Engineer: 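If you scroll down you'll find the structure; I have some questions about it.
Values in this document were obtained by computation on a predicted structure and should not be read as measured data. So that the names make sense, note that chain A is the first sequence line, chain B the second, and so on, each numbered from 1.
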Amino acid sequence: MTTLEVRPEVVEPKAAATRSRKRRPSAIARQDRIGFLYVAPFFVHFVLFGALPIVFTTGLAFFNVDWSTYYDFLDRHNFQALKDAWVGMRNFDELWSDPYFWLALKNTFSIWAISTIPQLIMAFGLAMLLANPKLRGSSFWRTLLMVPNITSVLAVAIVFQQIFGRDFGLINVGLHYVNVGPIEWINERLPSHVAIATMINWRWLGYNSLILLSAILAIPRELYESAAIDGASRVKTVWYVTIPQLRNTITFMLIMGTIGGLGLFVEPLTYGGGLDGGANSQFLTLTLYLFKELNQNERLGYAAAIGVGITIVVIIISALNFLITRRIASEDSR
Amino acid sequence: MTLVSNLPTGADVAVPSPETPSQTHGKRKRRGRVSPLTYTVLSFMAFISIFPFYWMYVVASNGSDVISKIPPSLTPGPHFGEVFSRIINADTTNHWMFLHAILNTFEVSAIIAISNVFFSALAGFALAKLRVPGKKNMLTFIVGTMMMPAQLGVIFMYMVMTWLNWISSYKALIIPALVGAFGVFWMRQLIDSQVPNELLEAARIDGASSFRTFSRIVFPAIRPAAFVLGLFSFLGTWNDYLWPSLVLQDPRKYTVQVAITQLSNSYTVDYQAIMGAALLGTAPLLVLFIFVGRRLVAGVMEGAVKG
């Protein structure tokens, strides 16, 4: 959506520049060409630290290398060892039939769903409360809601791990007084997903309410006025005016949430105290599995294949998202 | 959103600050009063936002016996000093490791923040206001890179760091983070909408070089947003755990987040020390937040309207 919005704005400076070019051609052209120099740091940096690592990691997925082979290659330029390490598509074949990969994919999506959907609904509710112009101390509330977002994921995971503790954690102690539990927040699959999703929700709920709030405040007043003239009820106004206007923002939040969700690592690492994702891999996520293969099992090539797998999942979801959004948009214009 | 982008970009049209549109909504909402339920919900959410910090202090300041009983103590205890000295002396060969880590992290985060702001604003200026051939495509490309998952590149980056001998060097943290797509995109959007072309025209006619135009006119005009970008970058570096934990292996070079996890490496889990360390590692950000929280909120909301 961002690119769509950009276009009309780009035109104007261009027109302005053309106008002034008539006056002082050479100097202006030189000034504009210097722009390449200004964008160069970003692009050079991106090629070195963004694009090349991705290309080479993808290449690495066709090898079977451990750390000692890699160091040997660095120290003695042992190309033969590298040739021997070539395995072709074998890493991908293994990945396709690897139950842990599919388990990690399922876990990742389960945690993603438990964190994203309730969070979106709660963030929308909070944003509607905050959008009330008669609300007192609105700046105070907005600022307070932002506090969790500045906290490190690690600190969040540490404190929630304690709160979700089996025997003395606050949640189970609280449940004990209403005769529920104790719930196995770590050892059972769904509860552990709920606990990890809670960490994500706590950190991002306020931030996402602010994003939604800002989109709600930007909805043109005329739309509400015409809804009022048509005699729409409050609920109908929210459903037919507010929510459709937030479609871009919600899509953006979903895409960002998916990318963040597929990168989920520190929370399950801290929560389970290791790269296993719990005793039965009950909260093993994709990224956790990647680093388990990389650091614990020293399978660099296989870890790279997992990375490629994650990227393919991201591409599929982004494409689906794009198609769905476009379809809704074209239905609207009909 | 569409209304906003159709407005002519000129000096006379102010960019809608988060507060302005809310006033235009007045008519609609004037009917009802704010119900007490609204304040109850908001207070509850505020409580939830603050409680984990309070809880870190409660656990850290109570003895483990007080925390490991039913019901556990819900109020701070008298032992925070002891826990503090346990954290400080956790590494017997490297006293004050934790406080060193805080200073180290501050330095690294500040360098990355400044570099991000400078390069992002410069590239944003070129993409918004200069006639760079192909800049539309560049912009599309930059937005596209924001969608790429970072995990894939990390493996090879880590291998490169060992090849360059940058393990346990801050170069491994700083250099890959000098500039990012998010910052460039955000600065481009802001400069495009907040810096009037008339001002740049005038500078050109006066014969100012484009860098001078950038440093004297463009940058001062977007300073508040640049500050927020710097803040985000600072927070991101401060809070990062995955990459520093891979590349920093020398305890003297640990950043705060890595230092926190080192406290749990012993065979018994010292909850008090870990919670205390998590709190100490967050405290500088909380203090910073007291001063800049409102600007951070304004920045988040402003970025949202544009993007």
Engineer: Select one option (side chain, backbone, both, neither) describing which atoms of B/L279 are under 4.5 Å from chain A's heavy atoms.
Structural biologist: neither
Engineer: How close do A/A215 and A/L246 get, heavy atom to heavy atom, and via which atoms?
Structural biologist: CB-CD2, 3.5 Å
Engineer: Find the one option among B/F232, B/F125, B/Y271, B/W238 whose heavy-atom pairs under 4.5 Å with chain A are most numerous.
Structural biologist: B/Y271
Engineer: Chain A: which of B/D240, B/V41, B/T145 shares the most heavy-atom pairs with it under 4.5 Å?
Structural biologist: B/T145
Engineer: Kindly compute the distance separating CD1 (A/I158) from CD (A/E267), expressed to the nearest 0.5 Å.
Structural biologist: 11.5 Å
Engineer: Is any side-chain heavy atom of A/L269 less than 4.5 Å from a side-chain heavy atom of B/Y241?
Structural biologist: yes
Engineer: If you look at every heavy atom in A/V39 and B/L127, which pair is closest and at what distance?
Structural biologist: CG1-CG, 3.8 Å
Engineer: With a 4.5 Å limit on heavy-atom distance, are the side chains of B/S210 and A/Y38 in contact?
Structural biologist: yes
Engineer: Quick check on B/A277 against chain A: is it the side chain, the backbone, both or neither that has a heavy atom closer than 4.5 Å?
Structural biologist: neither
Engineer: Chain B heavy atoms under 4.5 Å from A/L286: which part of the residue, side chain, backbone, both or neither?
Structural biologist: neither
Engineer: Under a 4.5 Å heavy-atom cut-off, does chain B meet the side chain of A/L135, its backbone, both or neither?
Structural biologist: both
Engineer: Where do B/Y158 and A/W67 land on the ring-ring contact (aromatic ring centres under 6.0 Å, His included) test, with the steps shown first?
Structural biologist: CA-CA 11 Å; B/Y158 182 32; A/W67 285 110; 5.1 Å; yes
Engineer: Answer with side chain, backbone, both or neither: which region of A/I315 has an atom nearer than 4.5 Å to a non-hydrogen atom of chain B?
Structural biologist: neither
Engineer: Could you list the donor-acceptor pairs under 3.5 angstrom formed between side-chain atoms of residues 145-155 of chain A and any protein atom two or more places apart in sequence or on another chain?
Structural biologist:
from: A/N149; atom 1: ND2; to: A/R203; atom 2: O; distance (Å): 3.2
from: A/T151; atom 1: OG1; to: A/V147; atom 2: O; distance (Å): 3.4
from: A/T151; atom 1: OG1; to: A/P148; atom 2: O; distance (Å): 3.1
from: A/S152; atom 1: OG; to: A/A155; atom 2: N; distance (Å): 3.0
from: A/S152; atom 1: OG; to: B/Q257; atom 2: OE1; distance (Å): 2.8

Engineer: Check whether B/S245 gets within reach of chain A through its side chain, its backbone, both or neither, counting any heavy atom under 4.5 Å.
Structural biologist: neither
Engineer: Can you check whether B/V195's main-chain N or O pairs, donor with acceptor, with B/K129's side chain at less than 3.5 Å?
Structural biologist: yes
Engineer: Sequence neighbours excluded and cut-off under 3.5 Å, please list the side-chain donor-acceptor pairs for residues 49-61 of chain A, or say none.
Structural biologist:
from: A/T57; atom 1: OG1; to: A/P53; atom 2: O; distance (Å): 2.5
from: A/T57; atom 1: OG1; to: B/L152; atom 2: O; distance (Å): 3.1
from: A/T57; atom 1: OG1; to: B/F156; atom 2: N; distance (Å): 3.4
from: A/T58; atom 1: OG1; to: A/I54; atom 2: O; distance (Å): 2.7

Engineer: Using non-hydrogen atoms and a 4.5 Å limit, figure out which bit of B/I175 sits close to chain A: side chain, backbone, both or neither.
Structural biologist: both
Engineer: With only heavy atoms counted, which part of A/I306 is less than 4.5 Å from chain B, the side chain, the backbone, both or neither?
Structural biologist: neither
Engineer: For the candidates A/V159, A/I259, A/L300, which exhibits the highest count of non-hydrogen atom pairs separated by less than 4.5 Å from chain B?
Structural biologist: A/V159
Engineer: Let's test your reading of the structure: which of B/M146, B/M159, B/M138, B/R294 forms the most heavy-atom pairs below 4.5 Å with chain A?
Structural biologist: B/M159
Engineer: Please state whether the side chain, the backbone, both or neither of A/N295 comes within less than 4.5 Å of a heavy atom of chain B.
Structural biologist: side chain
Engineer: What's the shortest heavy-atom distance between B/V184 and B/A123, and which atoms?
Structural biologist: CG1-CB, 3.9 Å
Engineer: For the pair A/T285 (side chain) and A/L264 (backbone), establish whether a donor and an acceptor sit closer than 3.5 Å, ignoring hydrogens and angles.
Structural biologist: yes
Engineer: Tell me, do A/R142 and A/L210 make a side-chain contact under 4.5 Å, heavy atoms counted?
Structural biologist: yes
Engineer: So which of B/L235, B/V154, B/I48 has the biggest tally of heavy-atom pairs under 4.5 Å with chain A?
Structural biologist: B/I48
Engineer: Only pairs of heavy atoms separated by less than 4.5 Å count here; which of B/V256, B/L231, B/L74, B/L246 has the most with chain A?
Structural biologist: B/L246
Engineer: For the residue pair A/L212 and A/M253, what are the closest heavy atoms and their distance?
Structural biologist: CG-SD, 3.8 Å
Engineer: Under a 4.5 Å heavy-atom cut-off, does chain A meet the side chain of B/L42, its backbone, both or neither?
Structural biologist: both
Engineer: Counting only heavy atoms closer than 4.5 Å, note whether B/F214 contacts chain A via side chain, backbone, both or neither.
Structural biologist: neither
Engineer: Over all heavy atoms of both residues, which pair between B/M301 and A/S214 is shortest? Give the atoms and the distance, please.
Structural biologist: O-OG, 3.0 Å
Engineer: Heavy-atom distance under 4.5 Å to chain A: side chain of B/L286, backbone, both or neither?
Structural biologist: both
Engineer: If we define contacts as heavy-atom pairs under 4.5 Å, which of A/F265, A/F160, A/F291 has the most with chain B?
Structural biologist: A/F291
Engineer: Quick one: what part of A/F42 sits under 4.5 Å from any heavy atom of chain B, side chain, backbone, both or neither?
Structural biologist: both
Engineer: Might you point out which heavy atoms bring A/A127 and A/S209 nearest each other, and give the distance in Å?
Structural biologist: CB-O, 3.5 Å
Engineer: Just give me the residue among B/I50, B/L296, B/V160, B/I142 that pairs up with chain A most often, heavy atom to heavy atom, under 4.5 Å.
Structural biologist: B/I142
Engineer: Which residue out of A/L170, A/I255, A/L294 racks up the most heavy-atom pairs below 4.5 Å with chain B?
Structural biologist: A/L170
Engineer: Is B/F234 close to chain A through its backbone or its side chain, or both, or neither, when contacts mean heavy atoms under 4.5 Å?
Structural biologist: neither
Engineer: Non-hydrogen atoms of chain B under 4.5 Å away: do they reach the side chain of A/F140, the backbone, both or neither?
Structural biologist: neither
Engineer: Could you tell me which of A/Y207, A/Y70, A/F43 has the largest number of non-hydrogen atom pairs under 4.5 Å with chain B?
Structural biologist: A/Y70
